[in-house]
There are 2 protein chains.
Amino acid sequence: MGNSELQDTLKSYFPILKEGSLNDIVKHSSYLKSTKGTKLISEGKRHHYIYLIVKGSVKSYYSKESKEVCVWFSLENEIIGTTSTIQGDASKETIELLEDSELIKLNIEKIKELAQTDLSISNLLNNLWKEHATFLEERLYQLQFMNSHERYKVLIKDTPEILQRVSLTDIASFLGVSRETLSRIRAKK
Amino acid sequence: MGNSELQDTLKSYFPILKEGSLNDIVKHSSYLKSTKGTKLISEGKRHHYIYLIVKGSVKSYYSKESKEVCVWFSLENEIIGTTSTIQGDASKETIELLEDSELIKLNIEKIKELAQTDLSISNLLNNLWKEHATFLEERLYQLQFMNSHERYKVLIKDTPEILQRVSLTDIASFLGVSRETLSRIRAKK
DNA sequence: GTAATTTTGTGACATTTGTCAAATGAAATC
DNA sequence: GATTTCATTTGACAAATGTCACAAAATTAC
C-alpha cells in the first residue's frame, strides 16, 4: 500500500478530518501485514500505536493464572487500541491477531500531540472515545441484565461473523461463561 | 452560588480550560439544589444537561420489568451524565438523587457546539470521555474476572463511603448479585 | 491418508446463586 | 413510645453454572 493509498484509506475512515490534519496523521502511519498469533499490544508493556484493521481479525484479552478472558473482538474496518496504551500507560490487555491480517498502524502519541493544537484531530479523538464508551456501556448492560442465553443470541444476531472466525473458547470467556456452558447453550438451540 | 463562585468552582474542575472558554461554559451553566429522589435524567427522554455534584450523591440505573440495575454511583466532585444524552439521543439510563444534593448543571448541547470551534473545550471533552471509558473498562474487568466476593471487597476498599450512603439493594444490583446473595457475602466476613 | 494435536461436546456431580417466604432490624410517622 | 413502613437478613429449595473426566469431531502435521 503506497502513501497515497494510505491517505485515501484513512480519509474514508476519518471523514471529519481536514485535509491538512489528515496529512499530519498519514505522516505518522504505516501499512503492515502480520501473521496470526502476532501480539500487537502485550499486557504490561508500553506501546505507542493504535491500529486500523484493513483485513483480518483480532481479540483483546486479559490474562490471569494462564486463563484468558476476552474483552472484545474486532473484524475489518475497525479502529483498535487499548485505553491504557492511549493514556501512555503500560497496557492492561493484550491484543492478538486471530488471522493473518493487514493493518494500518497509527502513532497515537503523535496524534495526541497533534490534537493539542489541531481542533479537527481533537474532535476526531472525541468521536473515537465516544464510540468506545458506547460499546463498553452496551457490553456492561448485557452482562448485568441478560443471562448467558440472551447474550449468546445477541452475539449471533448482531455479529454472526464472529461465530465463524473466533474459537468458541474465546467466545465463551467473552460471554462470561465457561466453555462447557457455551456448548450446552448451543446444543439447546 | 453567585456567578463568580460558579466560575471559580468550574475552574477548579476544568483546570485545562482557557479563561475565555471557561467563560463560555459558565454562560451555559447554573447552580441548583434538589431533593432526594429527583430524577436528573429519565430513561427514554431527551435531556441536554450534564451535572457536577457539589454535594450529595446519585445513582444511575437501567430498569426492566420493575427491576432496577445500578450502573454506577457518584458522590461529591464528580461529573455525571449519560452517554446517550451527550450524543443527543433519548437516555438509556435514569439518573436519580440518593440524597438532597447541590449541583451545577451544564448545557452539554452548547458545550458540544463550542467544542466544534474551541480547541480547549474539545480537549476537555476528550478528557471526560477518557475517564469515563477507563471507569467502564475497570468495571467490565471486575464483572468478567472477579467473583461477587472479590467485587464486594474491591468496593469496600476503593469506595467505602458508598456503603454508608447507598442502600444494599442498589449495591447488590451494581455488583451483579441478588440482594440476598450480597447479604450472605457480608455475613461471611 | 494416517497420526497427532487441538477444539468442541457430553455426562456426573459439586458449588454458587437465584427465588420465594418469613423473620428480624431499622427508620419514619403519628 | 407504639405503630407502620421499609430495608436487611435468614432458611429452604430450585435452577444455573462450574469443574473434572472423557468422548467425539475437526484441524494440522507428517
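All chains are named by letter (A, B, ...) in the order of the sequence lines, taking the proteins before the strands, and each is independently numbered beginning at 1. All values below come from the heavy atoms of this structure, side chains included, with hydrogens, waters and symmetry mates left out.
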Answer yes or no: does a side-chain N or O of [X] lie under 4.0 Å from OP1 or OP2 of [N]?
{"X": "B:T181", "N": "C:dT17", "answer": "no"}
{"X": "A:T169", "N": "C:dT8", "answer": "yes"}
{"X": "B:R186", "N": "D:dT9", "answer": "yes"}

Atom [atom1] of [X] to atom [atom2] of [N]: distance rounded to whole Å?
{"X": "A:L163", "N": "C:dT8", "atom1": "CG", "atom2": "P", "answer": "11 Å"}
{"X": "B:Q164", "N": "D:dA7", "atom1": "CD", "atom2": "P", "answer": "18 Å"}
{"X": "A:R184", "N": "D:dG18", "atom1": "CZ", "atom2": "C1'", "answer": "9 Å"}
{"X": "B:L182", "N": "D:dT10", "atom1": "CG", "atom2": "P", "answer": "12 Å"}
{"X": "A:I185", "N": "D:dA15", "atom1": "CD1", "atom2": "P", "answer": "18 Å"}
{"X": "A:R179", "N": "D:dT17", "atom1": "CZ", "atom2": "P", "answer": "17 Å"}
{"X": "B:L98", "N": "D:dA7", "atom1": "CG", "atom2": "P", "answer": "12 Å"}
{"X": "A:I171", "N": "C:dG9", "atom1": "CD1", "atom2": "P", "answer": "10 Å"}

Do the side chains of B:E76 and B:R165 get close enough for a salt bridge, i.e. N-O under 4.0 angstrom? yes

For a quick check under 3.5 Å, do B:D170 and B:Y61 share a side-chain donor-acceptor pair by atom type? no

Does the side chain of A:E43 come under 3.5 Å of the side chain of A:S63 through a donor N or O and an acceptor N or O? yes

Heavy-atom nearest nucleotide on DNA chain D taken for A:S148 and for A:E180; more 5' hit belongs to A:S148

What do the steps show when you test A:T82 against A:S91 for side chain to side chain donor-acceptor pair (under 3.5 Å), and what is the final call? CA-CA 7 Å; A:T82 73; A:S91 182; 3.2 Å; yes

Select base, sugar-phosphate, or nothing to describe what A:S167 touches, counting heavy atoms under 4.0 Å on all strands. sugar-phosphate

Which of parallel (below 30°), tilted (30 to 60°) and perpendicular (above 60°) describes B:F73 and B:F174? tilted

Listed nucleotide nearest any side-chain atom of A:S183, set C:dG18, D:dG18, C:dT8: C:dT8

